[in-house]
Amino acid sequence: MTMIADNLHRVQARISAACAQAGRSPDAVALLAVSKTFGPEDVAQAHAAGQVAFGENYIQEAVEKITLLAHLPLEWHCIGPIQSNKTRLVATHFDWAHTVDRLKIAQRLSEQRPAEIPALNVCIQVNIDGGATKAGVAPEEALALAQQIAGLPRLRLRGLMCIPEPAPDFVAACAVFIRARNLFDALNAQGLALDTLSMGMSADLEAAVQSGSTQVRVGTAIFGGRSYLAGT
Ligand SMILES: *Cc1c(COP(=O)(O)O)cnc(C)c1O
């Protein structure tokens, strides 16, 4: 078995154990394999081990990989910042965008989504722990943005995404993730049919699953340490 296959099985076992611990069904949480900075052969290895959904941060780098791997039935998620000048690439090449936090970006993605492919799945990125310079909409603005995005024809609003600062321990991590969960529930109570709460990474996926995550984004624990930072 390859190292990537072995790591994937370990991460799946962590997710299953966290689901059991939380009293959730083992298939309640999807695994997004974050392949940023890793090559197409690493993605192909993960796919050979059964992984279908991949997350990428750097749009240019991602588009190269997506093109090279077009023969495989993969699902691509954009989890990095989306500038206006990159919306067309995202709209054309990805299946999901997790990091939408402005109406203008959402509008461009909707306008630029090609008619012949399904609507782009979208999550709103929420600045759940209130970092002053952080990406993401403020929690109190999430409902208004969600209602606007829900009206865009070529987007399908699926849920919320957050990237909290690393927490000192499990309880502290849960306290932040639960705020995202409460916001997710509040939006659904307002009639938005959200099914995706994208939170949890290699170091904190157990706390995220305990708090209601439906999709964890895991890179290092699958592909190993990243040795360089790609540009956008
Ligand atoms: C890199 C990244 C991840 C994966 O992080 P790991 O700690 O390597 O698991 C998840 N989400 C986002 C937004 C990332 O940029």
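Whatever order the structure lists them in is the order used to number ligands and atoms, beginning at 1.
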Region of Asn57 engaging ligand 1 - heavy atom pairs below 4.0 Å: side chain
Heavy atom of the protein closest to atom 1 (C) of ligand 1 (residue, atom name, distance): Lys36 NZ, 1.4 Å
Passing candidate, side chain to side chain contact (heavy atoms under 4.5 Å, CB included) with Thr87, options Lys104, Gln112, Glu111: Gln112
Residue and atom name of the nearest protein heavy atom (relative to atom 9 (O) of ligand 1), distance in Å to one decimal: Ser202 OG, 2.5 Å
Sub-4.0 Å atoms of ligand 1 with respect to non-hydrogen atoms of Val218: 9 (O)
Top protein contact for atom 3 (C) of ligand 1, by heavy-atom distance: Met201 SD, 3.6 Å
Lys36/Glu61 ion pair, N-O < 4.0 Å: no
Which of the ligand 1 atoms, numbered from 1, are nearer than 4.0 Å to a heavy atom of Ile79: 11 (N), 12 (C), 13 (C), 14 (C)
Donor-acceptor pair between His77 and Glu75 side chains, under 3.5 angstrom: yes
Within-shell test, His98 vs ligand 1, heavy atom, strictly < 4.0 Å: no
Phe54-Trp76 aromatic ring centre distance below 6.0 Å: yes
Where ligand 1 meets Thr220 - atom numbers and elements under 4.0 angstrom, heavy-atom basis: 6 (P), 7 (O), 8 (O), 9 (O)
Val137 with Ile149, same ILVMFWY side-chain cluster at under 4.5 Å: yes
Charged N-O contact under 4.0 Å between Arg179 and Asp129: no
Nearest non-hydrogen partners of Ser202 and Thr220, listed with the distance: OG-N, 3.5 Å
Identity of the nearest option to atom 11 (N) of ligand 1, non-hydrogen atoms only, from Gln125, Arg226, Glu56, Arg217: Arg217
Under 3.5 Å donor-acceptor, Asn127 side chain and Ala138 backbone: no
Thr99 and ligand 1 - part of the residue with a heavy-atom distance under 4.0 Å: neither
Contacting atoms of ligand 1, where contact means under 4.0 angstrom from a heavy atom of Ile163: 13 (C)
Subset of ligand 1 atoms that lie under 4.0 Å from at least one heavy atom of Gly219: 4 (C), 6 (P), 8 (O), 9 (O)
